[in-house]
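Presented below is the structure to which this report refers.
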Number of protein chains: 2
Amino acid sequence: MIAKSEDVARLAGVSRGAVSQILNGRGERFSASTIERVKEAALELDYQPSAAGRALAMGSSDFVIALIPNTTFGGNLQDIFGAATEQLAEQGLTLVLRLATTTTAALGRLVTGMAPRAILSLTPFSDEERELLERRGVRAFEPHLASEDQFDREIGRLQARHLIERGSTRLAVARLRDARQDPFGQGREDGVREICRQEGLADPEVVHLGVDLDEALAALDRLSPPEIGIACYNDDIATCLLSAARIRSFVVPGQVALIGMDRTPLSQVTVPRLTTISYDVTAPTKNMIANFLSVLGRTPVPEGPPNALALELEAGGTT
Amino acid sequence: MIAKSEDVARLAGVSRGAVSQILNGRGERFSASTIERVKEAALELDYQPSAAGRALAMGSSDFVIALIPNTTFGGNLQDIFGAATEQLAEQGLTLVLRLATTTTAALGRLVTGMAPRAILSLTPFSDEERELLERRGVRAFEPHLASEDQFDREIGRLQARHLIERGSTRLAVARLRDARQDPFGQGREDGVREICRQEGLADPEVVHLGVDLDEALAALDRLSPPEIGIACYNDDIATCLLSAARIRSFVVPGQVALIGMDRTPLSQVTVPRLTTISYDVTAPTKNMIANFLSVLGRTPVPEGPPNALALELEAGGTT
DNA sequence: CTGAAAGCGCTTACAG
DNA sequence: CTGAAAGCGCTTACAG
């Protein structure tokens with residue numbers, strides 16, 4: 001049988017109320033020996049308070065929901081959430097993950113059903129979601145970013161500037177064929193175009209492809225190099241185009257210059273090594289969690305928001 | 001304010017008990033007009049039953065926990081869990097994800113606290129976990145796999161047989177440097193060795209590396225080709241070694257033959273294309289979920305377990 | 001066919 | 001310093 005607070009109370013010879021107080025750290029007014037007895041009884045019975053009972057009595061559960069984005073959930077994020085799970089566990093909170101791929105309605109059902117202590121998201125909430133959460137009285141946390149759109153434009157700008165600096169006079173943007181997976185593509189493209197205009201170059205051509213060699217070859221043929229600098233949606237796309245360029249015997253970076261984004265591990269082992277932009281989600285995510293913990297009021301306030309645009313260009317051999 | 005069942009009852013002019021029965025589909029005995037009124041009231045008030053209240057009354061919550069493995073949680077899995085989330089939602093169940101990286105004790109706290117309807121795992125539970133879950137009365141589901149170890153040995157065997165078939169007479173195994181991420185390495189290595197002995201070849205040399213060009217170069221130098229067939233832990237490692245071979249000007253597959261595992265998208269765009277083994281987690285995972293739903297008794301039993309060892313060798317240009 | 005009451009396991013004023 | 005009681009929102013026998 002699963003022990004309940006009554007079992008603990010009986011074993012320790014106190015009331016259920018006392019058990020609750022003591023186990024929740026509000027037992028200053030009890031004698032040391034009583035406290036000791038209760039704690040031992042709880043241990044002995046392997047007592048775990050029922051989440052439902054607590055939630056009902058307290059009005060909000062001990063759950064914290066983390067929304068994970070639809071994009072690749074790489075090893076990085078697992079480490080972060082692994083650590084976060086433990087940190088929250090120390091505070092008696094249990095972190096559960098949820099795919100962000102849900103409608104606002106589903107999110108609504110989730111939060112009113114679960115009554116979580118808070119909800120964390122790796123990507124900014126939509127206005128609709130924000131309003132919903134406020135109405136339901138759920139605290140929402142998101143990484144302290146500049147607006148998502150500005151962020152993507154900045155990436156596009158960075159890519160374009162670097163390509164131009166390295167000698168490209170004709171730019172292209174390689175976006176993802178699958179629009180579902182391309183939430184950031186438009187912002188990137190806009191950033192590239194902005195720089196092109198600013199520098200007096202023609203607007204970038206735009207190609208769409210997936211991680212597929214045939215598509216990469218077709219895209220490259222359409223762009224009819226020699227002499228094109230391609231700002232790629234991510235390193236995988238850049239890698240594809242690098243293979244395509246090799247098959248077509250184009251000189252990289254002489255004829256085809258490539259810049260990726262993400263600095264994936266594999267981007268560092270291509271020949272030549274990919275030029276890319278690294279962006280560490282770790283810092284903003286950790287900061288978000290620290291911020292959350294501090295709002296819980298049990299932890300010092302963190303140092304201050306890290307630079308939200310911690311983009312770093314890593315020059316490789318493809319530009 | 002958040003509506004509760006009492007609000008719905010008042011608005012519909014019935015008792016709370018009636019609201020509960022009707023909204024949970026056990027309202028056959030009520031008149032059609034009553035049912036209609038209650039449903040409308042619920043809709044109007046945007047009523048969401050409190051998970052805590054339900055859980056407390058019913059003894060188990062509407063949560064289903066899915067344990068996600070510590071390895072890469074790729075796009076595939078997201079799709080699967082996205083679909084599963086919706087399927088379960090239709091049954092009134094809410095799927096939450098949890099990193100599998102937890103101690104048995106933490107798992108115990110989670111399940112006794114949450115009282116989930118079931119717990120699903122993508123990888124087999126340990127005996128300890130299994131025993132814990134049984135004791136707590138939590139239903140556990142896992143993909144219908146042959147034992148994990150057999151599975152990995154089979155992968156190793158497949159890799160080795162293919163390399164030998166393609167002419168390798170000296171084999172090596174490339175494992176992950178980071179042992180944490182190498183849970184399957186030993187089984188694979190054992191499978192390769194088994195085949196080597198069976199075929200009268202020397203035992204395979206074993207190298208350890210990460211996704212890092214310098215490490216790949218060092219590993220390749222240590223194996224001192226020409227003439228080595230390398231069974232790689234995964235496609236990323238194989239890709240690394242392919243780059244290293246190119247830098248050292250080894251002929252692939254003539255001098256260095258490579259076979260990966262996973263059939264990642266990027267493995268299909270290397271030059272030459274990687275020989276690899278594909279294994280679709282989708283089928284076993286979907287099957288597990290179908291199985292779970294059928295046990296809930298609201299869905300027909302699925303067709304029968306898919307072939308758990310649905311490994312498929314995909315010959316590329318590296319062997 | 002419907003409603004009133006008890007109970008799920010916990011916490012929190014409140015009375016002693 | 002401690003215990004008895006009420007109440008959180010729901011469901012489920014049970015009585016009408």
Side-chain angles (χ1 to χ4, degrees), chain A residues 1-38 41-42 45-63 92 94 109 111-115 117 136-137, chain B residues 1-38 41-42 45-63 92 94 109 111-115 117 136-137:
Chain A
M1 264 330 296
I2 297 178
K4 14 189 177 175
S5 78
E6 186 167 3
D7 300 323
V8 178
R10 197 178 319 117
L11 183 59
V14 297
S15 75
R16 282 166 50 204
V19 170
S20 171
Q21 306 264 25
I22 289 171
L23 259 27
N24 288 310
R26 258 185 301 291
E28 317 83 19
R29 51 212 194 74
F30 295 91
S31 74
S33 78
T34 304
I35 293 179
E36 188 56 28
R37 246 185 8 245
V38 168
L45 296 176
D46 191 17
Y47 170 65
Q48 283 307 321
S50 137
R54 273 178 68 87
L56 202 48
M58 312 212 315
S60 107
S61 71
D62 295 327
F63 292 115
T94 104
R109 277 193 296 277
V111 299
T112 88
M114 269 184 84
R117 196 72 67 82
R136 299 300 194 194
Chain B
M1 263 330 296
I2 295 178
K4 15 189 175 174
S5 78
E6 186 166 3
D7 301 321
V8 177
R10 197 180 318 116
L11 183 59
V14 297
S15 74
R16 282 166 49 204
V19 169
S20 170
Q21 306 265 26
I22 288 170
L23 259 27
N24 288 311
R26 258 185 300 292
E28 317 84 19
R29 52 214 193 73
F30 295 91
S31 75
S33 78
T34 306
I35 293 178
E36 189 54 29
R37 249 188 3 249
V38 168
L45 296 175
D46 192 18
Y47 170 65
Q48 283 307 321
S50 137
R54 273 179 68 85
L56 202 49
M58 312 212 313
S60 108
S61 72
D62 295 327
F63 292 115
T94 105
R109 277 193 297 276
V111 299
T112 90
M114 269 184 85
R117 195 72 66 81
R136 298 302 195 194

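Chain letters run A, B, ... following the sequence lines, proteins first and then strands; every chain starts at 1. All values below come from the heavy atoms of this structure, side chains included, with hydrogens, waters and symmetry mates left out.
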If you write DNA chain D from 5' to 3' in dot-bracket form, with Watson-Crick or G-U pairs under 3.5 Å, [ ] for crossing pairs and | for pairs with another strand, what do you get?
|||.||||||||.|||
Once you round it to whole Å, what is the distance between [atom2] of [N] and [atom1] of [X]?
X        : N      : atom1 : atom2 : answer
B:Leu45  : D:dG9  : CG    : C1'   : 15 Å
B:Asn24  : D:dA13 : CG    : P     : 13 Å
A:Gln21  : C:dG9  : CD    : P     : 20 Å
A:Met58  : C:dT12 : CE    : C1'   : 11 Å
B:Leu23  : D:dT12 : CG    : P     : 13 Å
A:Leu56  : D:dG9  : CG    : C1'   : 5 Å
B:Met114 : C:dG9  : CE    : P     : 18 Å
B:Arg10  : D:dC10 : CZ    : P     : 12 Å

Is a side-chain N or O of [X] found less than 3.5 angstrom from the main chain of [Y], in a donor-acceptor match?
X        : Y       : value
A:Arg117 : A:Asp62 : no
B:Ser61  : B:Ala55 : no
A:Thr94  : A:Phe63 : no

B:Asp46 vs A:Arg109, salt bridge (charged side-chain N to carboxylate O under 4.0 Å, His left out): CA-CA, chis, key distance, verdict
CA-CA 9 Å; B:Asp46 192 18; A:Arg109 277 193 296 277; over 6 Å; no
For a quick check of understanding: with a heavy-atom distance under 4.0 Å over all strands, which category does A:Val14 fall into, base, sugar-phosphate or nothing?
sugar-phosphate
Mind checking if B:Gly17 touches a base, just sugar-phosphate, or nothing, with heavy atoms under 4.0 Å?
base
If you check every side-chain atom of [X], which of [options] has the closest atom?
X       : options               : answer
B:Ser15 : C:dG3, D:dG9, C:dG9   : C:dG3
B:Ser20 : D:dT12, C:dT12, D:dA4 : D:dT12
A:Arg54 : D:dC10, C:dT11, D:dG3 : C:dT11

Can you list the steps and then say if B:Val38 with B:Phe30 is a side-chain contact (heavy atoms from CB on, under 4.5 Å)?
CA-CA 11 Å; B:Val38 168; B:Phe30 295 91; over 6 Å; no
So do the side chains of A:Arg54 and A:Asn24 get within less than 4.5 Å of each other, counting heavy atoms only?
yes
If you pin A:Ala52 and B:Phe30 to their nearest nucleotides in DNA chain C, which one's is more 5'?
B:Phe30
Using the closest heavy atom to pick a nucleotide of DNA chain C for each, name whichever of B:Ala55 or B:Ser31 lands nearer the 5' end.
B:Ser31
Check whether any side-chain N or O of B:Arg26 sits under 4.0 Å from OP1 or OP2 of D:dT12, and answer yes or no.
yes
Considering heavy-atom distances to DNA chain D, does B:Ala18 or B:Gly53 have its closest nucleotide positioned more toward the 5' end?
B:Gly53
Residues B:Asp7 and B:Arg10 bridged, charged N to O under 4.0 Å
yes
